[in-house]
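Index from 1, following the sequence.
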Amino acid sequence: MKIDEKTKKEVIDVMNRYASASEAKDVEGIMSLFPSDDNNIIIYGSGADEKRIGPEEIRAQMERDFSQADSMALIYDWYSVEGTDNVAWFSADVTVSATVSGKKMTLPARFTTVLEKRNGRWFMVQGHFSIPASGQSEGDSFPG
């Protein structure tokens with residue numbers, strides 16, 4: 001389904017604010033992109049324990065992420081935005097550049113999110129961030 005250019009730009013703006021807030025390690029900036037009164041929002045991260053439901057758990061995850069990284073940046077290498085007037089989905093191939101405990105790393109990742117327009121404003125209501133399985137060769141459906 002194709003969305004109009006105005007809606008697409010609004011969604012991309014939200015996702016760019018997410019990337020900027022991540023780079024700034026700005027928890028409040030990240031949390032402003034989620035509805036604060038909805039305990040049904042959910043995000044999955046790449047860690048085995050990273051299933052967060054509701055604003056309090058999402059805040060705790062962001063605080064954990066930012067406390068463990070000296071620096072970080074998300075770069076959208078490719079993305080797609082589709083949806084309707086009030087619901088949109090964003091899918092992206094992402095490069096994560098981070099420094100953790102003084103060690104620089106670059107990770108390929110995948111990021112999907114569902115956004116909903118509420119009272120004229122777009123909010124992230126579901127997200128999934130993953131790192132492709134190591135040990136899985138191109139063309140294989142399962143790690144070796």
* Distance-only, no hydrogens or angles: does the T113 side chain make a donor-acceptor pair with backbone N or O of Q126 under 3.5 Å? -> yes

* Stepwise, does the side chain to side chain contact (heavy atoms under 4.5 Å, CB included) test hold for F90 with M15? -> CA-CA 8 Å; F90 177 88; M15 299 316 299; 3.6 Å; yes

* Heavy-atom closest pair, residues E57 and K51 -> OE1-O, 3.9 Å

* To do: Answer yes or no: is there an ion pair linking D13 with R17, defined by an N-O contact shorter than 4.0 Å?
  => yes

* Check ion pair R118-D38 (N to O, under 4.0 angstrom) -> yes

* To do: Rounded to the nearest 0.5 Å, what's the gap from CG on L74 to CD on E23? Could you check?
  => 8.5 Å

* To do: List the steps, then state whether side chain to side chain contact (heavy atoms under 4.5 Å, CB included) holds for F129 with V96.
  => CA-CA 11 Å; F129 189 87; V96 179; 3.5 Å; yes

* Over all atoms of both residues, closest heavy-atom pair of M72 and S22 -> CG-O, 3.5 Å

* Rounded to the nearest 0.5 Å, what's the gap from OG on S97 to CE on M105? Could you check? => 10.5 Å

* Value rounded to 0.5 Å, distance of CG in L33 from OH in Y18 -> 8.5 Å

* Other residues, nucleotides, ligands: >12 heavy atoms within 6.0 Å of Y44 OH -> no

* Heavy-atom closest pair, residues W122 and V87 -> CH2-N, 3.8 Å

* Judged by modelled atom types alone, do T112 and S91 share a side-chain donor-acceptor pair under 3.5 Å? -> no

* Out of Q61, E63, M62, E56, which residue meets the side chain to side chain contact (heavy atoms under 4.5 Å, CB included) rule with R59? -> E63

* Asked: If two hydrophobic side chains count as joined below 4.5 Å and joins carry through other members, does Y79 share a cluster with I131?
  -> yes

* To do: May I ask you to decide whether K6 forms a salt bridge with E10, counting only side-chain N to carboxylate O separations under 4.0 Å?
  => yes

* To do: Check whether any side-chain heavy atom of I12 sits under 4.5 Å from a side-chain heavy atom of V81, and report yes or no.
  => yes

* Treating Ile, Leu, Val, Met, Phe, Trp and Tyr as nodes and any side-chain heavy-atom pair under 4.5 angstrom as an edge, say whether I3 and F123 lie in one connected cluster. => no

* 4.5 Å side-chain heavy-atom contact, F66 and V27 -> yes

* Any donor-acceptor pair under 3.5 Å from Q136 side chain to D140 backbone -> yes

* Evaluation steps, side chain to side chain contact (heavy atoms under 4.5 Å, CB included), between V14 and M124 -> CA-CA 8 Å; V14 171; M124 298 169 67; 4.2 Å; yes

* Can you name the closest pair of heavy atoms from K117 and D85 and give their distance? -> CD-O, 3.8 Å

* **Step-by-step side chain to side chain contact (heavy atoms under 4.5 Å, CB included) determination, I58 to I41** => CA-CA 9 Å; I58 292 171; I41 59 176; 3.6 Å; yes

* To do: Kindly indicate whether the side chain of W89, heavy atoms from C-beta on, has any atom under 4.5 Å from the side chain of V11.
  => no

* Of the non-hydrogen atoms in P55 and S36, which two are nearest, and what is the gap between them? -> CG-O, 3.6 Å

* **Nearest-0.5 Å distance, CG of residue D70 to NZ of residue K104** => 10.5 Å

* Could you state the interatomic distance from OG1 (T7) to CG (L115), rounded to the nearest 0.5 Å? -> 11.5 Å

* **Donor-acceptor contact present, side-chain D93 to main-chain D77, <3.5 Å** => no

* Look at the aromatic rings of Y76 and F111 and report parallel, tilted or perpendicular, splitting at 30° and 60°. => parallel

* Is T106 close to T95 at the side-chain level, that is, under 4.5 Å between some pair of heavy atoms? -> yes

* To do: Decide yes or no for E82 and K8: does some side-chain heavy atom of the first lie under 4.5 Å from some side-chain heavy atom of the second?
  => no

* Report the distance from atom OG of S101 to atom CD of Q68, rounding to the nearest 0.5 Å. => 8.5 Å

* **Where S130 and S46 come nearest, the two heavy atoms and their spacing** => CA-CB, 4.3 Å

